[in-house]
Amino acid sequence: MSDANGLAVITGASSGIGLELARQFAEHGFDLIVAAEDDELTAAAGSLDGADVKVDAVRVDLATPTGVERLYERIQASNRPVDALALNAGIGSGGAFTETELEDELKLVDLNVRSVVHLAKLVVRDMVARGEGRVLITSSIASTMPGSFQAVYNASKSFGQSFALALRNELKDTGVTVTSLMPGPTDTEFFERAEMLDTKVGSGDKDDPADVARDGFEALMAGDERVVSASLSTKLQARAGRVLPDSVKAGMHRKMAEPGSAKG
């Protein structure tokens with residue numbers, strides 16, 4: 001890796017928003033450390049590597065403490081400061097809470113919540129000690145509403161959103177910024193993996209992950225608090241979420257996420 005470039009670490013970078021975020025960093029001259037647990041990571045990293053930037057692909061399961069520690073060891077082995085950290089890895093889970101598998105939802109909590117705290121604890125301390133750094137946390141428009149039939153997922157994103165905003169305030173005088181990226185439904189493998197293709201939200205129109213990533217990257221570099229991305233409907237949903245009662249938002253979410261709602 002070239003010390004002339006900045007260094008960005010992106011989790012969940014094998015596909016979707018994470019891969020597009022990595023592409024944004026690469027296009028803007030950052031060397032990359034990209035992490036994911038699946039086989040797609042190797043091909044994704046190969047598509048990013050080039051003459052001007054270098055990519056280190058780390059295949060780890062960030063839903064485990066060992067996976068987070070292994071990634072941090074690779075970061076340390078680079079002997080370079082992390083200029084930007086994109087905490088993007090996450091999974092979804094759809095369906096009635098009484099019918100979904102506990103193991104699946106505990107893994108969701110481990111990846112979407114615990115790993116974010118764990119990796120942030122390690123990397124942000126280094127950033128603060130250096131007095132410089134940028135952190136992007138992929139939250140969701142789902143963080144603004146109770147997620148009927150996605151109860152654990154929405155709650156995990158609400159945690160991420162609150163964590164991002166609180167951390168930003170704590171670090172306001174340190175030279176380290178924290179930005180929350182809040183996408184709406186996006187054209188990734190998320191809904192298929194969450195078994196939500198038979199839902200209204202899973203079968204409906206979705207945003208381009210490249211647009212979401214560009215919005216997130218630009219907001220991060222500008223030091224913004226948050227960015228709602230990318231479509232007008234998502235932005236309107238965010239505005240409505242500020243004034244509607246939680247009971248109304250839960251009912252609205254039910255209509256989008258209840259199994260079989262795609263037929264309605």
Side-chain angles (χ1 to χ4, degrees), residues 11-12 16-18 62-63 87-117 136-166 180-207 209 212 215-216 226-264:
T11 66
I17 295 172
L62 294 176
L87 295 165
N88 172 78
I91 53 175
S93 177
F97 180 72
T98 56
E99 299 174 5
T100 49
E101 295 294 331
L102 176 62
E103 181 181 359
D104 293 341
E105 289 176 330
L106 291 180
K107 182 175 181 178
L108 184 156
V109 172
D110 283 338
L111 183 59
N112 295 16
V113 176
R114 189 203 51 74
S115 77
V116 171
V117 174
L136 181 70
I137 296 178
T138 301
S139 175
S140 171
I141 195 66
S143 69
T144 66
M145 64 189 75
S148 307
F149 296 98
Q150 274 185 290
V152 179
Y153 173 75
N154 282 41
S156 76
K157 289 303 179 179
S158 295
F159 175 93
Q161 181 71 6
S162 178
F163 178 64
L165 298 179
S180 169
L181 171 59
M182 301 173 66
T186 305
D187 189 13
T188 68
E189 299 174 353
F190 175 90
F191 292 102
E192 180 180 359
R193 291 176 175 175
E195 299 184 356
M196 294 182 65
L197 294 180
D198 67 336
T199 65
K200 185 175 181 180
V201 65
S203 62
D205 293 337
K206 299 175 182 65
D207 292 333
V212 174
D215 286 347
R226 71 185 88 186
V227 58
V228 178
S229 179
S231 65
L232 177 60
S233 62
T234 298
K235 297 179 188 296
L236 291 174
Q237 193 173 11
R239 290 184 181 181
R242 299 175 187 172
V243 296
L244 293 175
D246 284 343
S247 59
V248 173
K249 290 187 285 187
M252 292 170 60
H253 198 280
R254 181 187 189 111
K255 292 179 180 178
M256 295 188 296
E258 186 170 9
S261 57
K263 301 174 183 177

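Because the structure is predicted, anything quoted here is derived from the model rather than measured.
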Exercise for the section: Evaluate the side-chain proximity of Val117 to Phe159: yes if any heavy-atom separation is below 4.5 Å, no if none is. Expected result: yes
Handout entry: Closest non-hydrogen atom pair between Thr188 and Gly16, with its separation
Key = CG2-CA, 3.7 Å
Problem - Check: Arg239 and Val228 side chains under 4.5 Å, non-hydrogen atoms - result: no
Practice task
Determine the sole option in Asn88, Ile137, Leu136 for which the side chain to side chain contact (heavy atoms under 4.5 Å, CB included) test with Leu181 is passed.
Solution key: Leu136
Handout entry: Rounded distance [0.5 Å steps], OG1 in Thr100 versus CD in Gln150
Key = 11.0 Å
Handout entry: Salt bridge present between Lys249 and Asp246 (N-O < 4.0 angstrom)
Key = yes
Exercise for the section: Would you give the length of the straight line joining atom NZ of Lys107 to atom OG of Ser93, rounded to the nearest 0.5 angstrom? Expected result: 11.5 Å
Practice task
Taking atom NZ of Lys200 as the centre, report whether more than 12 heavy atoms of other residues, nucleotides or ligands fall under 6.0 Å from it.
Solution key: no
Problem - From Asn112 atom CG to Glu105 atom CD, the distance as rounded to the nearest 0.5 Å - result: 11.5 Å
Exercise for the section: Determine the minimum heavy-atom distance between Ala89 and Leu62, stating which atoms define it. Expected result: CB-CD1, 4.2 Å
Completion exercise
Tested for side chain to side chain contact (heavy atoms under 4.5 Å, CB included) against Thr234, the lone hit among Thr186, Val212, Ile141 is Ile141
Exercise for the section: Give me the one residue out of Ser140, Ser139, Ser156 that meets side chain to side chain donor-acceptor pair (under 3.5 Å) with Gln161. Expected result: Ser139
Exercise for the section: Rounded to the nearest 0.5 Å, what's the gap from CD on Glu99 to CZ on Phe149? Could you check? Expected result: 8.5 Å
Completion exercise
Closest heavy-atom pair, Pro183 versus Thr138, reported as atoms and distance to 0.1 Å, is CG-CG2, 4.3 Å
Exercise for the section: Test Val201 against every option in Met196, Glu258, Lys255 by the side chain to side chain contact (heavy atoms under 4.5 Å, CB included) rule and name the one that passes. Expected result: Met196
Exercise for the section: Answer yes or no for Lys206 and Phe190: cation-pi contact, defined as NZ/CZ to six-membered ring centre under 6.0 Å and angle to ring axis within 45°. Expected result: no
Fill in the blank from the handout: In terms of heavy-atom contacts, Pro259 and Gly95 come closest through CG-CA, 4.2 Å
Exercise for the section: Could you pull out the closest heavy-atom pair between Asp215 and Ser229, with the gap in Å? Expected result: OD2-OG, 2.7 Å
Problem - Nearest-0.5 Å distance that lies between atom NZ in Lys157 and atom CG in Asn154 - result: 10.0 Å
Handout entry: Closest non-hydrogen atom pair, Ser143 against Ser158
Key = O-OG, 2.9 Å
